Amino acid sequence: MDCLFCKIIKGEIPSNKVYEDEKVYAFHDISPAAPVHVLIIPKDHIPSANALTEENAPVVGHIFHVVAKLANELGIAEGGYRVVNNCGEDGGQTVQHLHFHLLGGRSLNWPPG
Ligand code: 5GP
Ligand code: ZN
């Protein structure tokens, strides 16, 4: 399948990995929007949050567990952080493989643009 993040999971495109297990892969965003900007993705190709079903939803819970672990390891747990999922065109999704942004290391603005 011609999917950038599937290629990153398979190692066909290099990435700066921060975590991997049998279900998920996490790596530094190539264009960081904050001092810490990690992407956490399921290894299964799920096109977006809108494509989630009861069957594959448990991986999202697992991803949030990984978020908490990485936030601690990356030193942003205490200061706080944001987890973002952009879904679809209006949501600003540019890569059609479900991913969660973990952003931290500075005070983040709200609301988003
Ligand atoms: P989206 O806009 O879909 O929510 O997020 C896609 C993210 O993937 C963007 O923050 C973008 O910088 C990141 N990205 C796009 N291509 C690559 C790549 O080849 N490597 C890495 N590490 N990040 C990428
Ligand atoms: Zn994919």
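Worth saying up front: this structure is predicted, and the values here are computed from it rather than measured. Just follow the structure's listing: the first ligand is 1, and inside any ligand the first atom is 1.
Below 3.5 Å of separation, one finds no N or O of Leu4 facing any N or O of ligand 1.
In this structure, Lys43 contributes its side chain and Lys10 its backbone to no donor-acceptor pair below 3.5 Å.
Checked against ring pair (Phe, Tyr, Trp, His ring centres under 6.0 Å), Tyr19 has no partners two or more places apart in sequence or in another chain. Residues passing the side-chain hydrogen bond (donor to acceptor under 3.5 Å, both in side chains) test with Asp2, sequence neighbours excluded: Lys7.
Of all heavy-atom pairs between Leu70 and Ala26, the closest is CD1-CB, 3.8 Å. Leu102 and Ile76 get closest at one heavy-atom pair: CD1-CD1, 4.0 Å. Minimum heavy-atom separation, His97 to Pro42: NE2-O, 2.8 Å.
Close contacts of ligand 1 with Ser31, meaning ligand atoms under 4.0 Å from a residue heavy atom, involve 12 (O). Less than 4.0 angstrom separates some heavy atom of Val95 from each of these atoms of ligand 1: 3 (O), 6 (C). Near Gln93, meaning under 4.0 Å from any of its heavy atoms, are these atoms of ligand 1: 3 (O).
The environment of CG in Asn56 is crowded: more than 12 heavy-atom neighbours from other residues, nucleotides or ligands sit within 6.0 Å.
Between Phe5 and Tyr25, the gap from one ring centroid to the other reaches at least 6.0 Å. The aromatic ring centroids of His28 and His37 lie 6.0 Å or more from each other.
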I'd like a table of donor-acceptor pairs (distance under 3.5 Å, sequence neighbours excluded) in which one partner is a side-chain atom from residues 79-92, with atom names and distances.
| from | atom 1 | to | atom 2 | distance (Å) |
| --- | --- | --- | --- | --- |
| Arg82 | NH1 | Asn109 | O | 2.7 |
| Arg82 | NH2 | Asn109 | O | 3.3 |
| Asn85 | ND2 | His99 | O | 3.1 |

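Taking a cut-off of 2.8 Å, the protein N, O or S atoms nearer than that to the Zn ion (ligand 2) are Cys3 SG, Cys6 SG, His45 ND1, His97 ND1.
Under 4.0 angstrom from ligand 1, there are no non-hydrogen atoms of Val84. Residue-level proximity to ligand 1 for His101 is carried by the side chain, the only part with a heavy atom below 4.0 angstrom. Residue contacts with ligand 1, taken as heavy atom pairs separated by less than 4.0 Å, involve Phe5 solely via side-chain atoms from C-beta onward.
Closest to atom 9 (C) of ligand 1 among all protein heavy atoms lies Asp29 OD2, 3.3 Å. Atom 17 (C) of ligand 1 has as its closest protein heavy atom Ile30 CG2, 3.7 Å. Nearest protein heavy-atom contact of atom 22 (N) of ligand 1 is His28 O, 2.9 Å. Distance from atom 5 (O) of ligand 1 to its nearest protein heavy atom, with residue and atom name: His99 NE2, 3.0 Å. Among all non-hydrogen protein atoms, the one lying nearest atom 2 (O) of ligand 1 is Thr94 OG1, 2.9 Å.
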